[in-house]
Every structure is written in C-alpha cells, then in structure tokens.
Amino acid sequence: MADIRFPDGFLWGASTAAHQVEGNNVNSDWWQREHGHLPGAPVESPSGDAADSFHRYPEDMKLLADAGLNSYRFSVEWARIEPEEGFVSRAMLDHYRRMVDTAYELGLQPMVTLHHFTNPVWFAKAGGWLTDAAVDRFARYVEAVLPVLDGVDLVCTINEPNMVSVLADPAVGFPSIGLPPGVPHVTDRLIAAHKRAVDVVRGVGSRAGWSIATQAYQPEPGAEHVAAEYGWSREDVFLDAASGDDWVGVQAYTRTRIGPDGPLPIPENAERTLTGWEYYPPAIGDGIRNSWARNGLPVYVTENGIATADDKRRIDYTRGALEAVAATMADGVDVRGYLHWSALDNYEWGSYRPTFGLIGWDPATFERRPKPSLGWLGEVARRGAMPPAG
Ligand code: IFM
C-alpha cells in the first residue's frame, strides 16, 4: 500500500488548554469547584500544579518543534488575565505574548484559544453563561487580549461551546449514555459571544473560528430523524452558527450510535479507552463530514486523540484517524490541519488518570518524557505523508 499524502502547508500540531497544563489557576471557577468553594460534582483530584506548563512552555513547545510539528494550539486564561472584574493584568498579557513569540521563534504557528471551559471566579459568581451580561463581559475580555493576538493568524474564540451549553445547568445530571441537551438560552449567548469575538479579532487581522466537539451520531436504520433531532442542540446548531467564520475547528474522539429511542450503550465487546469511550478512530471523519455539509467552511482538526496508557495504541488510533481525515480530503473537503489532543498528559477535568499526551512528565520533578507517538506524528508531519501500517 502507498503512503497517504497530505498537502504542502498542512498544519501539523498538538493542542493544550491552560487549566489542564499550566497549574495553579487559582482565580478560575474550576479551581474553586475542585476545592469545594463553588457548586459542582466532587472531583477525583484537584488540578494543583498540573504539568507546570505555565513555567515550562518553552520546553514543551521545543519538544513539539524538534519532533517535526509546525503548530501549537494553546489557550489564554481569562481568570489570569482578568482575575477581578475590570482589572486586566498587563503581566499576564505579557506572559501569553511571550508564548506567542516563543512559538514563532521555534517555527510553530500558534493557534490561540480565548476560552477553554474555565471562567474567572467573579464571572461564575455573577451567573456565568446563565446571565445575559455574559456576552458583554466576554467581549470586553476579548478586547483586552488583543495585544497577545497581534500577528496571530488563527484564533479560536470558544472551545466546545456545545459542551459548555450541555454542562451549563448544574441541576441537570449526566445520563449514563449520551449527553444532556444544550441549554437554549446558554447556546444563544455563546453564539452571540462568539460573533462579537469574531468581529473583534478580525479587526486585528486574525482569522476566527470556534471548535466543536463532534460526537459522530450514527443512526441505526430507521432512526435517522431521532439522530437528527438528538444532534441538533448538542452539535449542529453550533456548526451552523459557524457560517460566515473563516474556518471551523472539528474535534472528535468517539461515536454515539442512535437507535429509535436515542443513544445506544457501547457494545460489551467493544474496546474502551481510559475515559470509558469506545475506541473508534474514524469518528473524526464523521465530524468533518457533518461540519462540511452544514457550513462548507475550511476545517482544522483542533483536537483528536485517545486516553491510553499504551502508546502503541495511541499511534494506531492516530493512524486510523488520519486515514479518515485523508478520506474526507479525497472526497473534496477542505481540511487544512490536524492538531492532536494532547501535547501533554494533562488534567482531564477531575482526574489525571486518562493520559492523552504525546509527552508524559514526572509528577515530582515535571521532567518531560516524550513518548514514541510524538516522534511518530512528527515524522508524518516532516514527510507530509503517512506510511501504511505494519
Ligand atoms: O480534555 C478535553 C478537552 O479539554 C476538550 N475536548 C475533549 C478533551 C478530552 O476529553
């Protein structure tokens, strides 16, 4: 079998989010929840120092660049930049600007996410996304971040707004399979906030998009209308709202099969990852195709990966996912990049057990331990081609 080739200029990278890797994000709502100071389900462990990437980002980025990748997606942390309403920390803006500059110095194109799940405590206490003022508050923060974004081509306004919406109402518990529906007024506010942010960041010449958690809703025969209805508030409304953006971020990990009564359990004999999700590498192809059908925008895969302790399986998964990406491109979809989740093992929202990283680290010394999967993906990136399995 021949190599699968990817076009020149394709972005090859890895992604992180501030709260999951930086450590000590003490002014964020997540930190406060982890310590029982704000309402929320108890966590297995708090984020603590995380990977200390707040201080070690130059080393992290260098590992990615040395491996052969040409892009790094990271988020700027609202809770650090505006720890109290109206106070914008110049020191934190400088910090994130240094991250952008470091990426460029290393030959990595930065993709900067403005919001990745966490909010400042003051924002959460004032009602978070459950209040109309959220849109203005977010837009004001985005204005404040502009010095960081000077010269940054790709800006992701909000990561997985669909997950923000389905998780917005603390009174709604998680079903054992599937997701709760999106909360309509939260969805509307997130869309409004996104559109404001798009206008603001376009003003400094960046290309704007947002990244959607696609779930590969696969209907059983006869359940097509059930899947369409199920997917609307959880995914499709957000893909449609991307229309008019410069690009869209598609993220996928697994699939959800839909029967006549809704989501079906994962089959007993299916392989599961450390998050308990079905091992299903082609999911990203489903997500890309759904996005393309709904908005026709250029796609960047902004997250895709697997929680596993078996790095060989990470390579298998990534190979399968890239095959699915390449198949969509062969069918004419405009896919422009693949950014793996994640650059580092990180805080998976309550636990450090699900390890998604291309790079591990020693929990006592933070010494970085690049995994073979980093070398593998870097080699694909250098060659712009993926060899057949075996
Ligand atoms: O870790 C998360 C990330 O923060 C958002 N997308 C899914 C990842 C894996 O669950």
Side-chain angles (χ1 to χ4, degrees), residues 13-23 25 28-31 33-34 40-41 43-47 50-51 53 72-79 111-119 156-168 174 178-179 182 190 209-216 234-235 238-239 248-256 266 272-281 283-284 286-288 291 300-309 313-314 317-318 321 338-360 373:
S15 301
T16 59
H19 188 75
Q20 294 178 271
V21 296
E22 286 182 345
N25 188 18
S28 69
D29 55 353
W30 256 89
W31 180 279
R33 276 162 65 178
E34 291 160 22
V43 293
E44 184 182 303
S45 53
S47 52
S53 200
Y72 181 47
R73 172 181 176 229
F74 60 91
S75 71
V76 294
E77 179 55 60
W78 186 2
M111 178 187 282
V112 177
T113 305
L114 303 178
H115 183 279
H116 194 122
F117 291 169
T118 42
N119 302 298
C156 175
T157 62
I158 301 175
N159 178 72
E160 296 184 354
N162 49 333
M163 296 306 290
V164 177
S165 183
V166 302
L167 297 171
F174 253 87
L179 293 169
L190 289 164
W210 64 355
S211 55
I212 310 302
T214 62
Q215 304 288 336
R234 294 165 175 87
E235 176 170 325
F238 298 92
L239 290 170
V248 61
V250 173
Q251 321 198 145
Y253 294 87
T254 190
R255 66 172 167 179
T256 308
I266 299 172
R272 287 178 184 244
T273 70
L274 288 177
T275 41
W277 304 338
E278 182 183 356
Y279 176 92
Y280 189 73
I284 190 65
D286 294 44
I288 291 171
S291 178
Y300 290 88
V301 175
T302 38
E303 284 183 24
N304 173 252
I306 174 176
T308 180
R313 212 61 188 130
R314 190 180 328 281
Y317 180 94
T318 310
Y338 175 88
L339 289 90
H340 190 83
W341 186 269
S342 177
L344 294 157
D345 287 342
N346 61 54
Y347 186 61
E348 178 58 13
W349 307 110
S351 171
Y352 281 104
R353 269 183 311 103
T355 40
F356 279 96
L358 299 169
I359 303 168
S373 53

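Note that the structure is predicted; figures quoted are calculated from it, not measured. Just so you know, ligand 1 is whichever comes first in the structure, and atom 1 is the first atom listed for that ligand.
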Residue shell around ligand 1, heavy atom under 4.0 angstrom: Q20, H116, F117, N159, E160, Y253, W277, E303, W341, E348, W349, F356
Y253 ring center within less than 6.0 Å of Y317 ring center: no
H19 ring center near W349 ring center (under 6.0 Å): yes
Proximity of H116 and W341 rings by center, below 6.0 Å: yes
Taking 4.0 angstrom as the limit, do R353 and E44 come out as a salt bridge? yes
Assert yes or no for the condition that the ring centre distance of W30 to F117 is strictly below 6.0 Å. no
Restricting to side chain to side chain donor-acceptor pair (under 3.5 Å), what partner residues turn up for T16, sequence neighbours left out? Y72
